[in-house]
**Student:** 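Right, I'll just put the structure down here and ask away after.
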Amino acid sequence: MNYIFEVRMEVRDYECDIEGIVNNAQYIHYCEHTRHLFLKECGLSFAEMHQKGVDAVVARMTLQYKSPLRPDDEFLSCLNLTKEGIKYVFHQDIYRCSDNQLCFRGKIELVCLVNGRLGTSPDYDQAFKRFITP
């Protein structure tokens, strides 16, 4: 599959549970970090947008855990982006680099709060327009 953004990361020991696999909540952190790096790549800062009164917040997540990551595994966190009404929908996959095994698949829906109210953000729309086809 072709993705609009990819970042390579490595599992750290403290991210794993007693079973020696990455704790399920950690995948959400990987996805969030990937989205923040993508935002920077698009020329926006999550912190600066907050200062402007615009907060992109998670409204819904659908998560599928496919194959576990383990300590020291390198992985590729990938994303695609669509827009449904006022929602930005991030389709995020995580692959283990050693065997290209799909480990995680997530659909993360974000909405914008503008000065605390549900709304649209011209800054986000402009930054993402080259990735979203009407």
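Computed from a predicted structure; not experimentally measured.
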**Student:** Within a radius of less than 6.0 Å around CD of Q64, do more than 12 heavy atoms belonging to other residues, nucleotides or ligands occur?
**Tutor:**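 It does: Q64 CD has more than 12 such atoms within range.
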**Student:** Kindly compute the distance separating CG (D93) from NZ (K66), expressed to the nearest 0.5 Å.
**Tutor:**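 Result: 9.5 Å between the selected atoms.
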**Student:** What's the spacing between T82 OG1 and I4 CD1 if we round to 0.5 Å?
**Tutor:**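 One gets 9.5 Å once the value is rounded to the nearest 0.5 Å.
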**Student:** Can you name the nearest heavy-atom pair linking C112 to Y124, along with the distance?
**Tutor:**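 Looking at all heavy atoms of both residues, the closest pair is SG-CD1, 3.8 Å.
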**Student:** Counting only heavy atoms not in E48 (residues, nucleotides, ligands), do more than 12 fall under 6.0 Å from its CD?
**Tutor:**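 It does not: E48 CD has 12 such atoms or fewer within range.
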**Student:** Checking ring-ring contact (aromatic ring centres under 6.0 Å, His included) for the pair F38/F131: CA distance, chi angles, key distance, verdict?
**Tutor:** CA-CA 11 Å; F38 172 69; F131 303 109; 5.3 Å; yes
**Student:** Evaluate V58 against E109 for side chain to side chain contact (heavy atoms under 4.5 Å, CB included), listing each step before the verdict.
**Tutor:** CA-CA 6 Å; V58 172; E109 300 177 7; over 6 Å; no
**Student:** Using the test salt bridge (Lys or Arg N to Asp or Glu O under 4.0 Å), find all partners of D123 that sit at least two apart in sequence or belong to another chain.
**Tutor:**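 Listed in chain order: K52.
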**Student:** Would F90 and M49 show up in the same hydrophobic cluster when neighbours are defined by side-chain heavy atoms closer than 4.5 Å?
**Tutor:**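 Yes, F90 and M49 fall within the same hydrophobic cluster.
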**Student:** For the pair D17 (side chain) and N24 (backbone), establish whether a donor and an acceptor sit closer than 3.5 Å, ignoring hydrogens and angles.
**Tutor:**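 Answer holds: no.
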**Student:** What are the two closest heavy atoms between C78 and E6, and how far apart are they?
**Tutor:**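 Closest heavy-atom pair between C78 and E6: SG-CG, 3.8 Å.
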**Student:** So which atom in R130 and which in E41 form the shortest heavy-atom distance, rounded to 0.1 Å?
**Tutor:**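 Here R130 and E41 meet closest at NH2-O, 4.0 Å.
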**Student:** According to a hydrophobic-cluster definition based on side-chain heavy atoms being under 4.5 Å apart (Ile, Leu, Val, Met, Phe, Trp, Tyr only), do V11 and I28 belong together?
**Tutor:**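 Yes, V11 and I28 fall within the same hydrophobic cluster.
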**Student:** Mind checking whether I21 and L76 sit in one hydrophobic cluster, side chains of I, L, V, M, F, W, Y counted as touching below 4.5 Å?
**Tutor:**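 No, it is not one cluster - the side chains of I21 and L76 are not joined through contacts under 4.5 Å.
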**Student:** Side chains of V57 and V111: does their closest heavy-atom pair fall under 4.5 Å?
**Tutor:**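 Yes - at least one pair of side-chain heavy atoms lies under 4.5 Å apart.
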**Student:** Do R35 and Q92 touch side chain to side chain, with heavy atoms closer than 4.5 Å?
**Tutor:**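 Yes - at least one pair of side-chain heavy atoms lies under 4.5 Å apart.
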**Student:** SG/C31 to NE2/H91 distance, rounded to the nearest 0.5 angstrom?
**Tutor:**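 Output value for this atom pair is 12.5 Å.
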**Student:** In terms of ring plane angle, is the pair F128 and Y88 parallel, tilted or perpendicular, where the classes change at 30° and 60°?
**Tutor:**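 Plane angle over 60°, so perpendicular.
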**Student:** Are the side chain of E74 and the backbone N or O of C97 linked by a donor-acceptor pair below 3.5 Å?
**Tutor:**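 No: the side chain of E74 does not pair with the backbone of C97.
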**Student:** Over all heavy atoms of both residues, which pair between N80 and N2 is shortest? Give the atoms and the distance, please.
**Tutor:**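 Closest pair (atom of N80, atom of N2, distance): ND2-O, 3.1 Å.
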**Student:** Could you label the plane-to-plane angle of the Y27 and Y30 rings as parallel, tilted or perpendicular, counting under 30° as parallel and over 60° as perpendicular?
**Tutor:**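 Because their plane-to-plane angle is over 60°, the rings of Y27 and Y30 count as perpendicular.
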**Student:** Between R96 and D99, is the closest basic N to carboxylate O distance under 4.0 Å?
**Tutor:**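 A salt bridge links D99 with R96.
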**Student:** Quick check for you: to the nearest 0.5 Å, what is the distance between L110 atom CG and E32 atom CD?
**Tutor:**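 CD of E32 is found 9.0 Å from CG of L110.
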**Student:** Could you walk me through whether V7 and M9 pass side chain to side chain contact (heavy atoms under 4.5 Å, CB included), step by step?
**Tutor:** CA-CA 7 Å; V7 62; M9 293 186 244; 3.6 Å; yes
**Student:** In sequence, state the C-alpha distance, the side-chain angles, and the governing distance for E10 and R12, and then conclude on side chain to side chain contact (heavy atoms under 4.5 Å, CB included).
**Tutor:** CA-CA 6 Å; E10 183 177 336; R12 295 162 291 210; 5.8 Å; no
**Student:** Linking I/L/V/M/F/W/Y whenever their side-chain heavy atoms sit closer than 4.5 Å, directly or via other members, would L44 and I86 fall into one cluster?
**Tutor:**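 As far as the 4.5 Å side-chain criterion goes, I86 and L44 are not connected within one cluster.
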**Student:** Does the side chain of F5 come within less than 4.5 Å of L37's, by heavy atoms?
**Tutor:**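 Yes, close enough: below the 4.5 Å cut-off.
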**Student:** So that I can tick it off, tell me whether D125 and K83 are bridged by a salt bridge, with the cut-off set at under 4.0 angstrom between side-chain N and carboxylate O.
**Tutor:**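 So K83 pairs with D125 through a salt bridge.
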**Student:** Step by step, work out the side chain to side chain contact (heavy atoms under 4.5 Å, CB included) result for K129 and I132.
**Tutor:** CA-CA 5 Å; K129 77 177 186 178; I132 299 173; over 6 Å; no
**Student:** In the structure I gave you, are the side-chain heavy atoms of F75 and C103 within less than 4.5 Å of one another anywhere?
**Tutor:**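 The answer is no; the side chains never approach within 4.5 Å.
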**Student:** With T34, which of I108, L79, I94 fulfils side chain to side chain contact (heavy atoms under 4.5 Å, CB included)?
**Tutor:**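 Answer to the side chain to side chain contact (heavy atoms under 4.5 Å, CB included) test with T34 among I108, L79, I94: L79.
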**Student:** Could you tell me which non-hydrogen atom of V22 sits nearest to which non-hydrogen atom of R70, and how far apart they are?
**Tutor:**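 In this case the closest contact between V22 and R70 is CG2-N, 4.4 Å.
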**Student:** Which pair of non-hydrogen atoms, one from F104 and one from L102, has the smallest distance, and what is that distance?
**Tutor:**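 So the two residues come closest at O-CD1, 3.3 Å.
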**Student:** Judged by atom type as modelled, is there a donor-acceptor pair below 3.5 Å linking the side chain of D55 to the main-chain atoms of V114?
**Tutor:**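 Looks like no, no N/O pair under 3.5 Å.
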